[in-house]
K.L.:
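Below are the structure tokens for one structure; questions will follow.
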Amino acid sequence: MPKENPISAEILESICKILGDQNSGSQIEYYLAQTGLTDTDPGITKWKRLYNAFANYQNRNQESNKVLIFIQKILSPVRYADNHEQFEKYRTEINTRILFIGLELLDNGKFRKVVEAKTIPEAQQRADNLKAKLKDRKVHSDVLLFCKAELLKDNYFHAVFEATKSVADKIRDKSGLTGDGSDLVDKAFGLGQLKNPKLAFNALTTDSEESEHKGFMHLIKGLFGMFRNTTAHAPKIKWIIDEQDALDSLTLASMLHRTLDKCVKTRL
């Protein structure tokens, strides 16, 4: 990690209050030691204990690198494997603060550089406007979850990207399969010689029903191909997607969610 500037006292205090709230004293002691940070005041309130340890390090080294490593360790996705909702809650709270220093904590536990946020109301207004318009369209509740300020700080791509990932998550949950992308869709919905996909939303007894099933499968693949594969499509993270594009894409994700809700496992 390149040398990162010290985090301001105001942002550091806010981060420490979040971290202190979600972790025990013994956990704080463990991760401070793991990160190589001196536990200067182990007997005081948890958030103040963290603040003093972080501030001591920053003052002595004029950088925030170990503070950021501590955040990565204590917010490692592995720690929240059984409670993804809690992980996203804390990640969102941390991101709301570190956006002001030009960083974002991704769902894989890694940081990436972003454009520094200027004001919370700026990003929040964008999120509120998008959510209101999606509610007018009566989009699926699983899609509304991704109308968050931290996802909309640059453009609308990240909200659509996260909503697309939620479609894959639902396919895995309903089918019991693992994997991702087109391979996941093929295994879940592909029609073999015996016409026995893992999931189906109709009886698959007529040519029309088979055609509808295949069309649904290809719609999912299209959404994944455009947004889901970040390795193959890394430059597209920088796409400038406007509000109308986001509304249309999220509406498609909503339709896929509603159809997935109807899907049942087939008898193999």
Side-chain angles (χ1 to χ4, degrees), residues 77 80-85 87-88 107-108 130-148 151 156-234 236-237 239 241 243-268:
Y80 295 87
D82 296 324
N83 197 338
H84 184 257
E85 183 177 345
F87 171 72
E88 288 299 329
D107 58 4
N108 63 3
L130 183 65
K131 181 174 285 189
K133 291 179 180 180
L134 288 170
K135 283 183 175 179
D136 286 342
R137 295 187 179 200
K138 295 182 171 58
V139 302
H140 196 287
S141 58
D142 288 347
V143 173
L144 291 176
L145 295 174
F146 303 99
C147 301
K148 299 176 181 178
L151 292 178
Y156 293 90
F157 181 93
H158 301 96
V160 178
F161 175 62
E162 292 298 325
T164 301
K165 290 200 297 185
S166 73
V167 172
D169 285 341
K170 184 167 287 186
I171 294 172
R172 285 189 286 266
D173 289 343
K174 294 189 75 85
S175 67
L177 294 167
T178 57
D180 204 358
S182 293
D183 182 61
L184 172 65
V185 179
D186 284 337
K187 288 178 180 177
F189 296 100
L191 292 175
Q193 290 183 343
L194 300 179
K195 300 179 183 177
N196 55 355
K198 287 279 188 182
L199 296 175
F201 65 94
N202 63 37
L204 295 173
T205 56
T206 67
D207 289 344
S208 178
E209 286 177 337
E210 284 189 30
S211 179
E212 185 181 25
H213 179 93
K214 291 176 182 177
F216 176 63
M217 180 177 72
H218 289 305
L219 276 176
I220 300 174
K221 283 187 174 184
L223 189 68
F224 285 1
M226 197 165 189
F227 294 105
R228 185 67 180 93
N229 190 341
T230 56
T231 301
H233 300 273
K236 295 180 183 178
I237 294 295
W239 281 1
I241 295 179
E243 185 181 84
Q244 188 60 55
D245 290 338
L247 285 168
D248 291 343
S249 299
L250 292 170
T251 301
L252 172 58
S254 172
M255 187 273 281
L256 297 178
H257 267 292
R258 291 189 195 284
T259 307
L260 285 170
D261 287 343
K262 301 173 188 175
C263 287
V264 295
K265 272 192 171 182
T266 59
R267 295 180 181 178
L268 301 180

K.L.:
Name all residues meeting the side-chain hydrogen bond (donor to acceptor under 3.5 Å, both in side chains) criterion together with K214; count only those two or more places apart in sequence or in a different chain, and write none if there are none.
P.N.:
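Per chain and number, K214 pairs via side-chain hydrogen bond (donor to acceptor under 3.5 Å, both in side chains) with no residue.
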K.L.:
Considering all heavy atoms of both residues, which atom of S254 and which atom of V139 are nearest to each other, and what is their separation?
P.N.:
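S254 and V139 have their closest heavy atoms at OG-CA, 3.3 Å.
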K.L.:
Sequence neighbours excluded, which residues qualify as side-chain hydrogen bond (donor to acceptor under 3.5 Å, both in side chains) partners of T205?
P.N.:
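Testing T205 for side-chain hydrogen bond (donor to acceptor under 3.5 Å, both in side chains), a comparison that skips the adjacent residues, returns E209.
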K.L.:
Who pairs with H218 by side-chain hydrogen bond (donor to acceptor under 3.5 Å, both in side chains), at least two apart in sequence or on another chain?
P.N.:
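In terms of side-chain hydrogen bond (donor to acceptor under 3.5 Å, both in side chains), with neighbours along the sequence ignored, H218 is linked to no residue.
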K.L.:
Keeping to residues at least two apart or across chains, list the salt bridge (Lys or Arg N to Asp or Glu O under 4.0 Å) pairs with something in residues 246-264.
P.N.:
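Sorted result for residues 246-264: R137-D248, K170-D261.
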K.L.:
Test of understanding: with salt bridge (Lys or Arg N to Asp or Glu O under 4.0 Å), list the residues that count as partners of D245, not counting sequence neighbours.
P.N.:
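None.
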K.L.:
Look at the aromatic rings of H84 and F87 and report parallel, tilted or perpendicular, splitting at 30° and 60°.
P.N.:
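Judged by the thresholds at 30° and 60°, the geometry between H84 and F87 is tilted.
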K.L.:
Taking the six-membered ring for Trp, are the ring centroids of F146 and F161 within less than 6.0 Å of each other?
P.N.:
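So the answer is no for these two rings.
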K.L.:
Salt bridge (charged side-chain N to carboxylate O under 4.0 Å, His left out), that's the test. Do K187 and D183 meet it? Break it down for me.
P.N.:
CA-CA 6 Å; K187 288 178 180 177; D183 182 61; 3.3 Å; yes
K.L.:
List in chain and number order the residues that pass ring pair (Phe, Tyr, Trp, His ring centres under 6.0 Å) with F216, two or more places apart in sequence or in another chain; answer none if no residue qualifies.
P.N.:
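Ring pair (Phe, Tyr, Trp, His ring centres under 6.0 Å) check on F216 returns F189, F201.
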K.L.:
If we only count heavy atoms from C-beta on, is the D180 to R172 side-chain gap below 4.5 Å?
P.N.:
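Yes. Closest side-chain heavy atoms under 4.5 Å.
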K.L.:
With sequence neighbours excluded, tell me which residues meet side-chain hydrogen bond (donor to acceptor under 3.5 Å, both in side chains) with S175.
P.N.:
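Checked S175 against side-chain hydrogen bond (donor to acceptor under 3.5 Å, both in side chains); zero matches.
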K.L.:
Of the non-hydrogen atoms in H257 and V143, which two are nearest, and what is the gap between them?
P.N.:
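Closest heavy-atom pair between H257 and V143: CD2-CG2, 3.8 Å.
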K.L.:
Between L134 and C147, is any pair of side-chain heavy atoms under 4.5 Å apart?
P.N.:
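In contact.
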K.L.:
Closest approach of P197 and A188, non-hydrogen atoms and distance?
P.N.:
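Heavy-atom minimum between the residues: CB-O, 3.5 Å.
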K.L.:
Could you tell me which non-hydrogen atom of A163 sits nearest to which non-hydrogen atom of L250, and how far apart they are?
P.N.:
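Smallest interatomic distance, heavy atoms only, reads CB-CD2, 3.5 Å.
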K.L.:
For K148, is there an ion pair with E162 - N to carboxylate O distance below 4.0 angstrom?
P.N.:
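Salt bridge absent between E162 and K148.
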K.L.:
For a 4.5 angstrom cut-off between non-hydrogen side-chain atoms, does M255 reach L219?
P.N.:
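When only atoms from C-beta onward are counted, L219 and M255 do touch, with a gap below 4.5 Å.
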K.L.:
For D136, what residues pass the side chain to side chain contact (heavy atoms under 4.5 Å, CB included) criterion, not counting sequence neighbours?
P.N.:
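Partners of D136 by the side chain to side chain contact (heavy atoms under 4.5 Å, CB included) criterion come out as none, since no residue qualifies.
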K.L.:
Return the set of residues passing side chain to side chain contact (heavy atoms under 4.5 Å, CB included) with D82 (not counting sequence neighbours), or none when no residue passes.
P.N.:
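For D82 there are no side chain to side chain contact (heavy atoms under 4.5 Å, CB included) partners, ignoring immediate neighbours.
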K.L.:
I need the minimum non-hydrogen distance between Y156 and L130, along with the two atoms involved.
P.N.:
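Between these two residues, the closest heavy atoms are CD2-CD2, 3.9 Å.
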